[in-house]
Amino acid sequence: MKTLTPAARAFAALFAIALTGSADADQIVMAGDYLIHLNTINSDFLLAAIAAQVGIQRSPDRGLLELAVQRADAPESAFLPVAATVSAVDGEGRLHRLDVRRSMSSSGTRYLAGFPIVDGELVEFHIHVDLPDGSMQYFRYRQRYHVLCENERALSRGAAVASAAG
């Protein structure tokens, strides 16, 4: 996994804000003493500056997966460093290993991965996380994606800008 530059870390808080208005519902997996948070979005929802800083390609036909882990008994605690691998099976049954990037911020460690999407395609993610206590968690997550038309992209970018402005 790659560690992002200090400049990229500065954008992590803005990145989380950019996800707020446009992300699918946060998926939470209980894994013993830990909560694993998972979100996926169309990467075109990201502001261009944030996407560049975290090294994610921003495009209507690219998705973004965000993964974070925290202690279950302290859900307001910082996200913890873990080892995570993610693969995705596309609509044609092809398996793709995703490049997972580590992003550090004041809220802790998050993991980001980009992936291709096709309009209407159901993607199945295979996620393996080595937790801080030495245990491991494997789970699958499915999401159907839709590629936005130009007018929808303009509206979503406007909403992301408004959300980031506060």
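Hydrogens, waters and symmetry mates are skipped; everything else that's a heavy atom, side chains included, is used.
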Q: List for me each residue that meets salt bridge (Lys or Arg N to Asp or Glu O under 4.0 Å) alongside Arg97, sequence neighbours excluded, and say none if there are none.
A: none
**Q.** Straight-line distance of Leu112 CG to Leu64 CG, nearest 0.5 Å
**A.** 5.5 Å
Q: Nearest 0.5 Å please: distance from the CG atom of Asp90 over to the CD atom of Glu121.
A: 5.0 Å
Q) After noting the C-alpha distance and the side-chain angles of Leu46 and Ile41, does the key distance pass the side chain to side chain contact (heavy atoms under 4.5 Å, CB included) rule? A) CA-CA 9 Å; Leu46 291 174; Ile41 63 168; 4.2 Å; yes
Heavy-atom side-chain contact between [X] and [Y] under 4.5 Å:
X	Y	result
Leu35	Met30	yes
Glu124	Tyr141	no
Thr109	Arg102	yes
Asn39	Glu66	yes
Val118	Val147	no
Val129	Tyr111	no

Can you name the closest pair of heavy atoms from [X] and [Y] and give their distance?
X	Y	answer
His126	Arg140	CE1-NE, 3.5 Å
Ser43	Arg58	O-CG, 3.3 Å
Pro132	Leu80	CG-CD1, 4.0 Å
Leu98	Gly114	CD2-O, 3.7 Å

Q | Aromatic plane relationship, Phe125 with Tyr145 - under 30° parallel, 30 to 60° tilted, over 60° perpendicular | A | perpendicular
Q: Dump the intermediate steps for side chain to side chain contact (heavy atoms under 4.5 Å, CB included) on Leu122 and Arg142, then the final yes or no.
A: CA-CA 7 Å; Leu122 181 66; Arg142 289 186 194 183; 4.1 Å; yes
(Q) With ring pair (Phe, Tyr, Trp, His ring centres under 6.0 Å) as the criterion, how do His37 and Phe79 come out once you've worked through the C-alpha distance, each side chain's angles and the decisive distance to 0.1 Å? (A) CA-CA 10 Å; His37 297 263; Phe79 296 121; 5.7 Å; yes
Q: Please report the C-alpha distance between Leu65 and Leu38 in whole Å, then the side-chain angles of each, then the deciding distance to 0.1 Å, and finally whether the side chain to side chain contact (heavy atoms under 4.5 Å, CB included) criterion is met.
A: CA-CA 7 Å; Leu65 177 138; Leu38 176 72; 3.5 Å; yes
Same apolar cluster: [X] and [Y], side chain cutoff 4.5 Å:
X	Y	value
Ile28	Ile36	no
Phe139	Val86	yes
Val100	Ile117	yes

(Q) Quick test of your reading: applying ring pair (Phe, Tyr, Trp, His ring centres under 6.0 Å), list the pairs with at least one residue in residues 86-105, sequence neighbours left out, ordered by first then second residue. (A) none
Q: For side chain to side chain contact (heavy atoms under 4.5 Å, CB included), just list the numbers for Ile127 and Leu67, CA-CA rounded to whole Å, side-chain angles, deciding distance to a tenth of an Å, and then say yes or no.
A: CA-CA 10 Å; Ile127 300 153; Leu67 181 119; 3.7 Å; yes
Q) Is Arg62 close enough and on-axis enough to Phe115, meaning under 6.0 Å and within 45°, for cation-pi? A) no
